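See below for the structure under consideration.
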Amino acid sequence: MKTIELGPDQPFDLNLTLSCGQAFRWEKTADGWWQGVVDRRAVRIRQERDRLTFEGANEGFVRDYFRLDQDLLAILASIDRDPAISAAISECCGLRLVGQPAWECLVSYICATNTNIPAVKRRIALMAGRYGRPIDGPFGTAYTFPDPETLAGVSSADLRDCKLGYRADYAREAAVFTSENPDWAKRVADLPFEEARQALMQFRGIGPKAADCVLLFAFGFFEAFPVDVWIHRIVAETYLPDLAGRKCTPAEYERIRRFSRDYFGGYAGYAQEYLYCARGPASRAQ
DNA sequence: GACCAGGTTGATC
DNA sequence: GATCAACATGGT
């Protein structure tokens, strides 16, 4: 069991960070521990005030994954432009964007279109349980997210059986491509933002919204501003009232993300996640 | 049983 | 380039 003491200038809220819907493989147990699988690690972690206690990973991993060395106060100050975002910041202060493994994040957001978060978590868990590698960890046997080579060998029918529905072929195609191009993530990471975005949208099943999620949650492009139905609602009502009540067409998506990038700045993605997280406690997954 | 959910695709005008 | 139905699934 290891610990990290958070400094007073280092706000972090583990519960908000893991329950806000950015990552799909964490579960909170009844006794207050979060357990999840990241790459080949089965991690168990909890927070009591300024102390993080964890096992299954070293301190370096925990710092990197939760981006504990990122100056969150400075980031929040940079996006704090008006009372609406200010309220979201007050409500969700300590939420951090984690650094997810690219391949798992890509498939996760292929699985996350036109559906809800509990269903996405079920799909990921089913794929891991059936096609991932078993690893011994602090909470018994856990399963890694299946690597591209493995998933490329799974039939569409078997993926549908993991409740992917019509997304099964998209996931399979992504697995085939990434197993044949193992350097794809590094190539995307080295591109400028808009080009990286276009590169991700070459995957079938990855449109503008899913691409922005992967850019933000896996590649650390913090200017990415994913616009889902909730964010569309919030931004339209708060900042672009002429869009309120309308469906999010591609042109409107483009307008919202450009506005938000200009308005909130280079960490617009944090603004997006704080607005999303503060959308209402009733809809927050635990 | 309709409607919604961290949308995207392919066809059509 | 804009619009539209179809898409599998599970929750309310």
Side-chain angles (χ1 to χ4, degrees), chain A residues 16-26 88 92 95 97-98 100 102 104-127 130 154-174 177 197-219 221-222 224-237 242-243 245-258 260 268-286:
Chain A
L16 285 175
T17 297
L18 292 181
S19 68
C20 70
Q22 56 176 325
F24 300 105
R25 291 216 66 193
W26 290 92
C92 301
L95 166 63
L97 295 175
V98 304
Q100 298 185 36
E104 176 180 333
C105 189
L106 182 78
V107 179
S108 295
Y109 282 92
I110 285 176
C111 292
T113 61
N114 195 29
T115 185
N116 51 47
I117 291 173
V120 181
K121 295 175 80 167
R122 187 174 313 112
R123 292 170 185 138
I124 304 298
L126 280 169
M127 280 189 281
R130 294 182 185 180
V154 177
S155 71
S156 290
D158 286 339
L159 283 177
R160 281 175 187 269
D161 206 45
C162 294
K163 307 303 177 187
L164 296 208
Y166 63 88
R167 309 164 189 83
D169 289 330
Y170 303 157
R172 239 189 69 77
E173 289 171 22
F177 179 86
R197 192 167 186 268
Q198 289 304 317
L200 289 182
M201 288 172 62
Q202 299 307 304
F203 288 98
R204 222 154 62 93
I206 296 285
K209 191 274 176 180
D212 285 331
C213 283
V214 177
L215 290 168
L216 183 60
F217 299 140
F219 287 98
F221 284 101
F222 298 107
F225 195 89
V227 182
D228 57 41
V229 291
W230 296 98
I231 287 295
H232 180 267
R233 226 167 270 165
I234 294 164
V235 172
E237 285 169 8
D242 59 303
L243 297 183
R246 295 165 49 82
K247 223 173 79 85
C248 189
T249 65
E252 288 186 11
Y253 190 107
E254 203 60 13
R255 184 176 159 206
I256 289 175
R257 84 175 178 98
R258 302 267 180 201
S260 303
Y270 265 92
Q272 188 272 4
E273 203 56 18
Y274 272 70
L275 291 171
Y276 181 82
C277 183
R279 73 195 183 280
S283 45
R284 195 172 300 146
Q286 274 293 332

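Model, not experiment: these values are computed from the prediction. So you know, we letter chains A, B, ... as the sequences are listed, proteins then strands, and number each from 1. Computed from heavy atoms alone, side chains included, the values below leave out hydrogens, waters and symmetry copies.
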Base, sugar-phosphate, or nothing for [X], non-hydrogen atoms under 4.0 angstrom?
X	answer
A:Tyr253	nothing
A:Glu252	nothing
A:Ala119	nothing
A:Arg160	sugar-phosphate
A:Ile206	sugar-phosphate

Side chains of [X] and [Y]: does their closest heavy-atom pair fall under 4.5 Å?
X	Y	answer
A:Tyr270	A:Glu273	no
A:Phe217	A:Val98	no
A:Ile231	A:Arg279	no
A:Cys248	A:Lys209	no
A:Leu216	A:Phe221	no
A:Tyr253	A:Asp212	yes

Hey, does the side-chain of A:Tyr109 have a donor or acceptor N/O within less than 3.5 Å of a partner on the base of B:dG7? no
In whole angstrom, give me the gap between the P atoms of B:dA11 and C:dA8. 15 Å
Taking only the C1' atom of each, what is the distance from B:dA5 to C:dT3 in whole angstrom? 22 Å
In short, A:Tyr170 meets A:Gly205 closest at the heavy-atom pair CD1-CA, 3.5 Å
Heavy-atom contacts under 4.0 Å between residues 208-218 of chain A and DNA chain C, which residues? none
With a 4.0 angstrom cut-off to heavy atoms of chain A, pull out the first and last contacting nucleotide of DNA chain C, in 5'-to-3' order. C:dT3 to C:dG11
Would you say a side-chain N or O of A:Arg167 is under 4.0 Å from OP1 or OP2 of B:dT9? no
Roughly, in whole Å, what's the span from [atom1] in [X] to [atom2] in [N]?
X	N	atom1	atom2	answer
A:Arg233	B:dG7	CZ	C1'	14 Å
A:Ile110	B:dT8	CD1	P	11 Å
A:Leu200	B:dT9	CG	P	12 Å
A:Asp169	B:dG7	CG	P	20 Å

Looking at A:Val154, is its backbone amide N or carbonyl O close enough to the side chain of A:Arg172 to form a donor-acceptor pair, meaning the two atoms are under 3.5 Å apart? yes
Taking only residues two or more places apart in sequence or in another chain, which ones pass side-chain hydrogen bond (donor to acceptor under 3.5 Å, both in side chains) with A:Thr249? none
